Chemist: 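Here's a structure for you.
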Amino acid sequence: MITVMSALVAGLATVAAAVGLRALRLPRDARGPAALTLGLVAGWVVLAASGYALTLITIYLLFALGCGLVGALCGRLRLPMLVRLAGVGVLAAALFAFEYRHGDMYALASGIWWIVAIVSVFVLTFFGRLPVAPAPASGAAAEEASSWASERALTGVALVAFAWYAVVAYRLPNPGLLTLSLVAFVALGCFWLVARVWGLRLGDAGVTGLAGLMFALGLYAWMADASVPMAAAPLVLVAADVAVTLLGRLASGRALAGGQRTLVGRVLGVLEPRDDAGWQLNIARLGAAPAAWLLVAFTLVSIAIAAATWVLLWASVTAAIPLVVLAVVYLAASALWRRVAVRRGRPARPATSPA
């Protein structure tokens with residue numbers, strides 16, 4: 001009952017915050033992450049008031065909020081991705097130091113998960129910040145509208161992930177994971193609805209914070225005795241797209257390209273979102289909605305595969321093989337669909353700003 005109540009309060013608080021902040025005429029980059037943050041905090045307050053705010057729920061929410069703060073500062077100051085990852089690394093180090101001191105993890109496992117945390121947040125943040133919309137103007141207006149389609153796609157993947165983690169928690173069972181998954185799902189779902197109506201954006205803060213929350217829930221699922229493929233299933237396809245993008249930069253010699261005047265700037269720019277990701281090509285050739293649905297559909301298939309390997313009691317290494325194969329199939333299917341669209345003479349249909 002407390003789980004359901006906290007989730008409902010989180011959703012209602014998200015909507016109420018979006019309405020209230022809209023009346024203050026704050027920028028959409030500020031209203032979106034603020035509304036989502038207030039919703040999550042409201043859900044946690046209900047848990048804390050009733051004595052159900054478990055330690056893991058609290059520290060994982062703090063980690064996600066800390067990631068959002070890092071993203072907000074880096075976005076505001078226009079700092080490179082490497083600085084953002086350094087901030088996330090500090091937060092992850094504090095998180096796993098806490099886990100180690102409380103006996104939840106051995107030192108080696110803490111070190112491995114520290115690396116996984118940085119990589120996971122980078123992959124999801126990189127994807128969520130990919131520019132895919134044409135610039136309607138110059139300067140701040142162009143930048144403000146440039147990544148809304150990627151943010152919406154990341155939101156869809158996150159909703160699927162949170163629902164999956166809730167199912168995993170229910171089957172294990174693990175009340176803490178179930179509670180946090182439902183609170184996150186309802187809050188993000190309500191945010192998605194109001195974002196569709198008022199054009200709210202996650203912005204740098206929301207994208208990095210959501211990336212931190214997705215990683216935290218995956219980690220929670222693993223600590224609750226789920227296998228690594230089960231925890232990683234919702235993120236496999238996004239990770240594959242980003243990995244192929246970075247490998248393509250290295251293979252084509254475009255790793256250090258990108259308009260920076262100094263060598264240091266070009267090196268730091270290797271990790272920055274540009275215009276060479278498969279997801280961006282899907283948007284250009286297929287349109288925003290078909291590309292997003294393709295990604296979500298394959299994400300659902302990856303979850304179904306993870307669920308099947310769970311029921312069949314496959315080992316983690318064996319269960320990871322079909323997920324890797326699915327990632328290859330997704331990339332190949334995306335490339336084939338784009339080629340068919342080109343042969344049929346379909347013009348590029350870049351995403352347009354909802355504003």
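Computed from a predicted model, the values in this text were never measured in an experiment.
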Chemist: Check whether any side-chain heavy atom of Thr309 lies under 4.5 Å from a side-chain heavy atom of Thr318, and answer yes or no.
Modeler: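 When only atoms from C-beta onward are counted, Thr318 and Thr309 do not touch, as no gap falls below 4.5 Å.
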Chemist: Specify the closest pair of heavy atoms between Leu124 and Val207, including all atoms of both residues, with the distance to one decimal.
Modeler: O-CG1, 4.2 Å
Chemist: So do Thr55 and Phe98 actually touch side chain to side chain, heavy atoms under 4.5 Å?
Modeler: yes
Chemist: Can you confirm if the aromatic rings of Tyr60 and Tyr220 lie within a centre distance of less than 6.0 Å?
Modeler: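 They qualify: ring centres under 6.0 Å apart.
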Chemist: Measuring only between side-chain heavy atoms, which start at C-beta, is Val45 closer than 4.5 Å to Val9?
Modeler: no
Chemist: According to the interplanar angle, ranging from 0 to 90°, do the rings of Phe96 and Phe215 count as parallel (below 30°), tilted (30 to 60°) or perpendicular (above 60°)?
Modeler: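 The rings of Phe96 and Phe215 stand perpendicular, inter-plane angle above 60°.
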Chemist: Measuring from atom CG of Leu177 to atom CG of Leu56, what distance do you get when rounded to the nearest 0.5 angstrom?
Modeler: 10.0 Å
Chemist: Mind checking whether Met230 and Trp222 have side chains closer than 4.5 Å, heavy atoms only?
Modeler: no
Chemist: Which distance, rounded to the nearest 0.5 Å, do you find between the CD1 of Ile305 and the CG of Leu326?
Modeler: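 Taking CD1 in Ile305 and CG in Leu326, the distance rounds to 4.5 Å.
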Chemist: Who clusters with Leu8? Use side-chain heavy atoms, under 4.5 angstrom, across I, L, V, M, F, W and Y, and order the result by chain and number.
Modeler: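 Val4, listed by chain and number.
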Chemist: For Leu38 and Ala17, work out which heavy atoms get closest and say how close.
Modeler: CD1-CB, 3.7 Å
Chemist: Compare every heavy atom of Gly176 with every heavy atom of Ile57, then report the nearest pair and how far apart it is.
Modeler: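 Minimum heavy-atom separation between Ile57 and Gly176: CD1-O, 3.7 Å.
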Chemist: Give the cluster check for Tyr52 versus Leu182: same hydrophobic cluster or not, with ILVMFWY residues linked at side-chain heavy-atom distances below 4.5 Å.
Modeler: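 No, separate clusters.
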Chemist: Can you name the nearest heavy-atom pair linking Ala166 to Leu178, along with the distance?
Modeler: O-CD1, 3.5 Å
Chemist: Can you list the steps and then say if Arg285 with Arg339 is a side chain to side chain contact (heavy atoms under 4.5 Å, CB included)?
Modeler: CA-CA 9 Å; Arg285 294 298 178 187; Arg339 182 172 299 180; over 6 Å; no
Chemist: Do the non-hydrogen side-chain atoms of Cys74 and Asp204 ever get within less than 4.5 Å of each other?
Modeler: no
Chemist: With no hydrogens and no angle check, do the side chains of Arg84 and Thr208 hold a donor and an acceptor under 3.5 Å apart?
Modeler: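 Yes, side-chain donor-acceptor contact under 3.5 Å.
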Chemist: So, do Leu219 and Met105 sit near enough that their side-chain heavy atoms are less than 4.5 Å apart?
Modeler: yes
Chemist: Is it true that Thr58 and Trp44 share a donor-acceptor pair across their side chains at a distance under 3.5 Å?
Modeler: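 Result is yes, a qualifying pair exists.
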Chemist: Indicate the atoms forming the closest heavy-atom contact of Val242 with Val123, along with that distance.
Modeler: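 Minimum heavy-atom separation between Val242 and Val123: CG2-O, 3.8 Å.
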Chemist: Do Leu108 and Ile112 touch side chain to side chain, with heavy atoms closer than 4.5 Å?
Modeler: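 A side-chain contact exists here, since the closest heavy-atom pair is under 4.5 Å.
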Chemist: Do you know which two heavy atoms are closest between Ala221 and Ala231, and how far apart they sit?
Modeler: CB-CB, 4.4 Å
Chemist: Heavy atoms, side chains only, cut-off 4.5 Å: are Phe191 and Leu202 in contact?
Modeler: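 The answer is yes; the side chains approach within 4.5 Å.
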